[in-house]
Amino acid sequence: MKSNYLQTPIDYLKGVGPNRADLLRKELGIHTYQDLINLFPNRYIDRTQYYKIKGLQPNTAEIQVIGKITKFTEVAQKRGKRLVATFVDDTGAMELVWFRGQKWIRENLKLNTKYVAFGKTNAFGGKYSMPHPDLEPLEEHEKNMRSAMQPVYPSTEKLSNKGVSNRMISKIMQQIFIDTNGRFVETLSQNILSELKLISKSEALFNIHFPKSQELLSKAQFRLKFEELFYIQLQLIIKNLIHKSKIKGFPFDKVGTYFNTFFKEHLPFDLTGAQKRVLKEIRADLGSNAQMNRLLQGDVGSGKTIVAFMSTLMALDNGFQACLMAPTEILSVQHYNGLLELSKDLNISIEILTGSTKTSKRKIIHEKLESGELQLLIGTHALLEDKVKFKNLGLAIIDEQHRFGVAQRSKLWHKNTSPPHVLVMTATPIPRTLAMSVYGDLDISIIDELPPGRKSIKTVHRYDKNRLNVFRFIRDEIKLGRQVYVVYPLIKENEKMDYKDLMDGHESLSRDFPMPEYQISIVHGKMKPADKEYEMQRFIKGETQIMVATTVIEVGVNVPNASVMIIESAERFGLSQLHQLRGRVGRGAEQSYCILMTGYKLSQDSKKRLETMVKTNDGFEIAEVDLRLRGPGDIMGTQQSGVLNLKIADIIKDNDILQHARYHAKNILNKDKSLSTPENLPILNTYKSLSKYKNIWNYIS
Ligand code: ADP
Ligand code: MG
């Protein structure tokens, strides 16, 4: 076999031809022989069993029946017509039905010839039908290898309409195995193979396409999943290593006055063990020669702000500037006030820059930034504007990083001649598996401990009908001096209705909680920033007891005296949003509550989300459920990361294999950074050849 045999364009394979080649390219992205052998079956079916028409059952999985077509009938329907074939065996008759591709069927199928019909059956009034069956002449069927584990390949409607059937794919797959004698280059090292008891590449490819036994199929799947995840991890880790060696950061070698004074004299509370650990991790990065690129994950309320603040002190101690960027104006203002408070005895110059900063003020900030007089700048996207230039930005912190795009982050990066250290923070926990694949090139720190004395939030689900009871409960809490959030969904497509709900809700609350005894704030996206800020401040100061809002308060807002979170139409929120919202309460010492309001009509998924919220306060557990309900596609960052293009592994189900893969990838690179030992040659070669395929390996930038 020639070494580049697998790179041959698919057109040249026996049994393919130009039309099919075109279809394979367009529909399945198969350009070469290599692409074809990497088209792995979705599942396997038993092709050694045949059913009799009389013994059919409704709603079976795919089955096969031997019979003859006795006639074709065209049946008119609402749109177009369907083609129906009467299919009989010695026990009865059923129908085969086509809604598309009818011409091809009429021209290619013969009457009164024995076929094996394969597909799913439907039952209508005691009569069975099989829509769009896979048909194979019995004579041919008997010549072919049949197995109890026949592969079913991914397909598309277009492919099946144009006669590129599963059978045809199997056939051309066989052709490759005939041409190569089933021998393929090994892509893992002997060490890994023996350590993990993996079967060889050739054996794995054979058994994934033509399983000899269930056991060998399982082994083949394991080996190929491992390989896929291994090379992703290898890529990410190498990227991280290159980053560390190439991009020199500013070593902050001093732990100086600001940090020490704050730590010894002004710390408002004892740090939790997790906060201390994370600070050490950050400290180690900042003290090294490499540029820090770290993701800090911590559930809502876990105390990320003080960690961020103390990190900026390390920058300031070494004569550098720092900035903290947050996604909303409200959050920026809150950070600004919070950090002013924390730093009040330290004599640091801090400013805030947002969309609503006045031009005159802006000018002063720009000047002070460039002269280096301003040490710490807090703000929104406004920080990214070209006019904002630092004298020497040493550390950039991004809060709630999932709200910012990759491009925005990198813009901050390039604010300096040499990139600053970067710390991104998120309260939306990403399950570990996903974090490794999506952010595998970042280092990850986790605050997995809440400050002491926090009572876990009691969460209940109530139907709209119980609203009076809920109001009574609110009244009692307010009597105790607490404050209440009432949050309404706001979805773009539904904006008008949603605003109406919000306003109606506000009105009805105003009736039940009348002035002057009660004061109600309202905050939503259509208000001017200054008005929003005014209402927020009234609530923060305790002048209003109830805050009616849309999800603008979702991120970061900190009012420790608020103890009740009521979420209206809770079924319309996603899990991570519900969890974020709930995190607005439970910030003080008092018992807090979250009440999820819904109507009676709930989908299965909504029920599961509500149950999960009631059951647990643990953000990581919630993230796992969310990932299982929604799949990785909706989670930030996955689109860019390519975890959605996995060919065989499943980022959720194959967590264990992923852990192994990452462990071994790290281990190998620890011992042989450049993969230059003979032992690792297969890995080096595979790594290099994969790197050429940017479409698959879009991690490489
Ligand atoms: P988040 O991680 O959601 O950004 P914050 O940094 O806003 O959380 O912290 C939430 C609240 O917990 C704040 O009021 C903060 O002052 C308080 N806090 C943070 N760390 C501790 C600690 N170690 N002990 C007591 N309270 C703490
Ligand atoms: Mg925060």
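Whatever order the structure lists them in is the order used to number ligands and atoms, beginning at 1. Along the sequence shown, residues carry numbers from 1.
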Closer than 4.0 Å to some heavy atom of [X] - which atoms of ligand 1 meet that?
X: T272; result: 23 (N)
X: L271; result: 23 (N)
X: D299; result: 2 (O)
X: T305; result: 4 (O), 5 (P), 6 (O), 7 (O)
X: S302; result: 2 (O), 8 (O)
X: R587; result: 3 (O), 7 (O), 10 (C)
X: D270; result: 22 (C), 23 (N), 24 (N)

Between S343 and L346, is there a donor-acceptor pair closer than 3.5 Å when you use the side chain of the first and the backbone of the second? no

F262 and H266 aromatic ring geometry - parallel, tilted or perpendicular at 30°/60° bounds: tilted

Any heavy atom of G298 sitting closer than 4.0 Å to ligand 1? no

I'd like to know if P560 contacts ligand 1, where contact means a heavy-atom distance under 4.0 Å to any ligand atom. no

For ligand 1, is any non-hydrogen atom under 4.0 Å from [X]'s backbone (N, CA, C, O), its side chain (CB onward), both, or neither?
X: D399; result: neither
X: I447; result: neither
X: M425; result: neither

Would you compute the distance between atom [atom1] of [X] and atom [atom2] of [Y] and round it to the nearest 0.5 angstrom?
X: L610; Y: K615; atom1: CG; atom2: NZ; result: 13.5 Å
X: I474; Y: L509; atom1: CD1; atom2: CG; result: 6.0 Å
X: E351; Y: C323; atom1: CD; atom2: SG; result: 14.0 Å
X: L578; Y: T551; atom1: CG; atom2: OG1; result: 11.0 Å

Please indicate whether any nitrogen or oxygen in P452 is less than 3.5 Å from any nitrogen or oxygen in ligand 1. no

Flag I306 as yes when one of its N or O atoms lies below 3.5 Å from any N or O atom of ligand 1, and as no otherwise. no

Are F320 and H421 an aromatic pair, judged by ring center distance below 6.0 Å? no

Are F471 and F513 near enough that their ring centres are under 6.0 Å apart? yes

Applying salt bridge (Lys or Arg N to Asp or Glu O under 4.0 Å), run through R467 and E568 and close with a yes or a no. CA-CA 11 Å; R467 192 170 299 276; E568 295 285 347; 2.6 Å; yes

